[in-house]
Amino acid sequence: MAERTLRGARLGGQSFEDERGIEFAARQQVGYRCPQGHEFEITMSVEAEVPATWECPRCGAEALSVSGIQPEAKAEKPARTHWDMLLERRSEKELEDILKERLQLLRDGEIGPAHLHRSNQKKRRVS
């Protein structure tokens, strides 16, 4: 059984090719500084688009590029409220009419919680 085992250098694999004749890609060092004062450099390809921010490896804060690259300002949408969404479907005049109709149904005891209508039913019987 020992004859059939695979032999290798170690887990993860290791290339036995040498580096002669290999041309590495051009690289650049990009510096960053986080709000807590930690400075570090990241090696990137010269062809890569350099990001304006990078996560600090020491504290995890967002570090800014020391070369002056500014992050793009994201256009934020204003928060849509329930009222905004309601006005997309109905006009204010329609909403007023619906409110009057629902209030009248509530006052007549046709809709709403039962405990509100018990007192109305007693009053109707007495009258």
Side-chain angles (χ1 to χ4, degrees):
M1 186 161 155
E3 296 169 10
R4 292 186 294 181
T5 60
L6 295 174
R7 295 185 185 196
R10 61 181 131 156
L11 288 175
Q14 179 177 357
S15 174
F16 292 108
E17 294 181 21
D18 57 6
E19 295 177 359
R20 284 181 278 167
I22 297 176
E23 196 173 316
F24 292 106
R27 300 175 191 179
Q28 65 179 337
Q29 293 294 111
V30 182
Y32 291 92
R33 181 180 304 119
C34 80
Q36 296 186 3
H38 303 131
E39 292 188 21
F40 57 95
E41 290 186 337
I42 303 292
T43 304
M44 295 184 185
S45 170
V46 173
E47 298 171 359
E49 186 177 326
V50 178
T53 60
W54 197 273
E55 184 178 321
C56 176
R58 295 177 95 191
C59 65
E62 191 173 83
L64 293 173
S65 172
V66 294
S67 63
I69 302 171
Q70 294 297 319
E72 294 179 15
K74 296 180 181 176
E76 293 185 24
K77 293 182 183 179
R80 282 178 41 190
T81 63
H82 292 292
W83 180 248
D84 295 332
M85 290 184 269
L86 190 60
L87 287 178
E88 289 175 5
R89 296 189 306 268
R90 300 190 186 272
S91 69
E92 286 191 43
K93 174 71 174 127
E94 287 177 301
L95 293 172
E96 287 176 11
D97 293 341
I98 292 171
L99 177 62
K100 287 177 186 173
E101 178 187 323
R102 300 304 281 183
L103 285 173
Q104 188 58 46
L105 290 173
L106 183 64
R107 289 182 185 121
D108 293 342
E110 295 180 35
I111 61 170
H115 69 277
L116 292 178
H117 306 304
R118 288 184 193 133
S119 60
N120 289 343
Q121 289 172 353
K122 291 177 184 175
K123 289 178 186 175
R124 287 182 194 157
R125 288 180 190 160
V126 173
S127 303

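Just so it is clear, the values below take in all heavy atoms, side chains as well, and ignore hydrogens, waters and symmetry mates.
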**Prompt:** Using 4.0 Å as the upper bound for N to carboxylate O, is an ion pair formed by Glu94 and Arg89?
**Reply:** no
**Asked** Considering only heavy atoms from C-beta outward, does the side chain of Tyr32 approach that of Pro51 to under 4.5 Å?
**Response** yes
**Prompt:** Would a 4.5 Å heavy-atom cut-off, applied to side chains only, mark His38 and Cys59 as touching?
**Reply:** yes
**Prompt:** What is the distance from atom CZ of Arg27 to atom CD of Glu47, rounded to the nearest 0.5 Å?
**Reply:** 12.5 Å
**Prompt:** For the residue pair Val50 and Gln28, what are the closest heavy atoms and their distance?
**Reply:** CG2-NE2, 3.4 Å
**Prompt:** When rounded to the nearest 0.5 angstrom, what is the spacing between CD in Glu62 and SG in Cys34?
**Reply:** 11.0 Å
**Item:** Residue pair Gln70 / Leu64, side-chain heavy-atom distance below 4.5 Å
**Value:** no
**Item:** Side chain proximity check, Asp84 to Pro78, heavy atoms < 4.5 angstrom
**Value:** no
**Asked** Does the side chain of Trp54 come within less than 4.5 Å of Met44's, by heavy atoms?
**Response** yes
**Message:** If I take atom CZ from residue Arg90 and atom CG from residue Asp97, how far apart are they, to the nearest 0.5 angstrom?
**Reply:** 10.5 Å
**Point-to-point distance, once rounded to the nearest 0.5 Å, from CD of Glu92 to CG of Leu99** = 12.0 Å
**Item:** Main-chain N/O of Ala61 paired with Glu55 side-chain donor or acceptor, under 3.5 Å
**Value:** no
**Fill in**
Rounded to the nearest 0.5 angstrom, the CZ-CD distance for Arg33 and Glu41 is 11.0 Å
**Atom CD of Gln29: over 12 foreign heavy atoms under 6.0 Å** = yes
**Message:** If you apply the rule side chain to side chain contact (heavy atoms under 4.5 Å, CB included), what do you find for Met85 with Thr81, and how did you get there?
**Reply:** CA-CA 6 Å; Met85 290 184 269; Thr81 63; over 6 Å; no
**Item:** Leu87 vs Leu95 side-chain heavy atoms within contact, under 4.5 Å
**Value:** yes
**Message:** So, taking the atom named NZ in Lys74 and the one named CD in Glu72, what distance separates them when rounded to the nearest 0.5 Å?
**Reply:** 9.0 Å
**Asked** Got His82 and Leu86 here, is their nearest side-chain heavy-atom distance under 4.5 Å?
**Response** no
**Item:** Closest non-hydrogen atom pair between Leu106 and Gly112, with its separation
**Value:** CD1-CA, 3.9 Å
